[in-house]
Amino acid sequence: MLFQSKLPNPETNIFTIMSSMAKEYDAINLGQGFPDFDCDERLKALVSKYLQEGKNQYSPMPGLPELRQTLSEKIRKTYHRDVSSETQICITAGATQAIFTAIQAFIQDGDEVIIMEPAYDCYQPAIRIAGGLPRIYRMTSPDYTIDWDRIHDMVTDQTKMIIINTPHNPTGTLLVEKDLQSLEQIVSGKDIIVLSDEVYEHLIYDEEEHQSVIRFPHLFEQSLAVFSFGKTLHATGWKLGYIVGPENLITEFKNIHQWNVFSVHSFTQYAISDYLKQPESYLQLPEFFEKKRDYLTELLADTPLIPYPSKGTYFQRYSYAEISTQNDVDFAKFLTKEIGVATIPMSPFYTKTLDDHVIRLCFAKKNETLEKAAQKLRKLSQMAVK
Ligand code: PMP
Ligand code: GLN
């Protein structure tokens, strides 16, 4: 049978590759971003309660009204904006689905979408499936700052979307207020949507404040902000998230959403709605993860791996340039097979391979897991890998 693939160069994503290798070689998995500790008992009890109470039928298409109401209050407290729970929020099957649906909703054949590399892996395939053309701005190590004059110059009449991600996976960098202001100026008066991937909104360190597009009144009118309960609740396997934006954009988003998802599982939405009413659950995340970040850095201090700063997400980059000239994919495979620690190479986050000899480590792990990994990684000090 003949058919034409919409993604003619199929690739398995790097997270799947490294997690399967970790299993195969029984390595400690500091690769794919997920905690190896469980979510809160209080949350699990709420999920059980609503499951047992029979909250097991369809929720309304944009998500449970109670949950949207809780989120609207959370947004008001966190970002000082009134967002309508009725018309400006839609609950999704994770951030990936929100991003995919947003791109399908607004990108047509030949539309240009500006993305910043290194970029999270799901943006480009979604753009291509929609018939859009990714236009790539390359951020450079070590700061990964964005030169907004260059973004301004990249904008053409075909530009329909700019995708940003803060806190940023995989670099751990943040956009600051000035960045959002520059972006606001660039899109102002143009039919360009900002798709803002903010799944790590609460994983932010060193007393920094998350700069959501929701904080900026004019920018918000042209933006869709995407969030994931997976990160905030230590429950990546639930695949639940939400999208927030002005009514006209969310209405169009729902127009597509209802035909590819309709609605997501209901008992978890009841549980999350109750759970998030106590803000401590997410307000303590910066301190909790900052300790883990610092602990891993301390544990690895006597290895040849050199850390780069991480101000957000649960990832930190480490350079291995001192010990090896291997490319980052080969080095990550070597670490998994020979040392027993799985990590993520940086080059898969680029269209044209850029290899800085840097790998990404996930510190959302029990302290004992970080200790075991460090013990293994110390073997690198005695090895000539080059
Ligand atoms: N965006 C970024 C930057 C991510 O790191 C991830 C992975 N958690 C996602 C989106 C997807 O989130 P979800 O698992 O909720 O689909
Ligand atoms: N977001 C996770 C990471 O960056 C991976 C999610 C996935 O496996 N698709 O590690």
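Whatever order the structure lists them in is the order used to number ligands and atoms, beginning at 1.
The side chain of Asn169, and not its backbone, has at least one atom closer than 4.0 Å to an atom of ligand 2 (non-hydrogen atoms only; side chain from C-beta on). For Met18, no heavy-atom contact with ligand 2 is shorter than 4.0 Å. The side chain of Asn13, and not its backbone, has at least one atom closer than 4.0 Å to an atom of ligand 2 (non-hydrogen atoms only; side chain from C-beta on). With a 4.0 Å cut-off on non-hydrogen atoms, Thr313 does not touch ligand 1 at all. Here Gln97 has no heavy atoms under 4.0 Å from ligand 1, in either its backbone or its side chain. Contacts with ligand 1 closer than 4.0 Å are made by side-chain heavy atoms of Lys231 only, the backbone lying farther away. Within the 4.0 Å heavy-atom criterion, both parts of Thr96, backbone and side chain, lie near ligand 1.
At least one N or O atom of Ala95 sits closer than 3.5 Å to an N or O atom of ligand 1.
Within ligand 1, the atoms closer than 4.0 Å to a non-hydrogen atom of Gly94 are 15 (O), 16 (O), numbered from 1 in the order shown. Applying the 4.0 Å criterion to heavy atoms of Asn169 picks out, from ligand 1, the atoms 3 (C), 4 (C), 5 (O). The atoms of ligand 1 that sit less than 4.0 Å from any heavy atom of Tyr200 are 3 (C), 4 (C), 5 (O), 8 (N). Ligand 1 places these atoms under 4.0 Å from at least one heavy atom of Ser228: 13 (P), 15 (O).
Between His202 and Phe227, the ring center distance fails the sub-6.0 Å criterion. Under the 6.0 Å cut-off for aromatic ring centres, Tyr50 and Phe267 do not qualify, their centroids lying 6.0 Å or more apart. Separation of the Tyr270 and His265 ring centroids does not fall under the 6.0 Å cut-off.
In this structure, the side chain of Thr251 engages the main chain of Glu247 through a donor-acceptor pair within 3.5 Å.
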task = Please assess Arg76 against Glu73 for the test salt bridge (Lys or Arg N to Asp or Glu O under 4.0 Å), listing each intermediate value before the final yes or no.
result = CA-CA 5 Å; Arg76 185 164 44 74; Glu73 279 154 28; 5.2 Å; no

task = Check the pair Glu209 / Ile204 against side chain to side chain contact (heavy atoms under 4.5 Å, CB included), numbers first and verdict last.
result = CA-CA 7 Å; Glu209 203 169 51; Ile204 187 155; 5.9 Å; no

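Looking at atom 14 (O) of ligand 1, its nearest protein heavy atom turns out to be Lys239 NZ, 3.0 Å. The protein atom (non-hydrogen) at minimum distance from atom 8 (O) of ligand 2 is Gln32 NE2, 2.6 Å. Remark: minimum distance from atom 7 (C) of ligand 1 to any protein heavy atom is reached at Tyr120 OH, 3.2 Å. Summary of contacts: the protein heavy atom closest to atom 2 (C) of ligand 1 is Asp197 OD2, 3.3 Å.
The option with the heavy atom closest to atom 5 (C) of ligand 2, from among Phe15, Phe34, Tyr314, Tyr200, is Phe15. If you check each of Phe349, Phe315, Tyr120 against atom 1 (N) of ligand 2, the one with the closest non-hydrogen atom is Tyr120.
Checking Thr101 against Asn260 by side-chain atom types alone, a donor-acceptor pair falls below 3.5 Å. Inspection of the Tyr123 and Arg128 side chains reveals no N or O donor paired with an N or O acceptor under 3.5 Å.
Residue contacts with ligand 1 include Asn165, since one of its heavy atoms falls under 4.0 Å from the ligand. By the 4.0 Å heavy-atom criterion, Lys231 is counted among the residues contacting ligand 2.
Across every non-hydrogen atom of Val244 and Ile89, the tightest pair is CG2-CG1, 4.3 Å.
There is no path of hydrophobic side-chain contacts, each under 4.5 Å, that joins Phe100 to Ile250.
Within 6.0 Å of CG on Asp147 lie more than 12 heavy atoms contributed by other residues, nucleotides or ligands. Other residues, nucleotides and ligands place no more than 12 heavy atoms under 6.0 Å from the OH atom of Tyr58.
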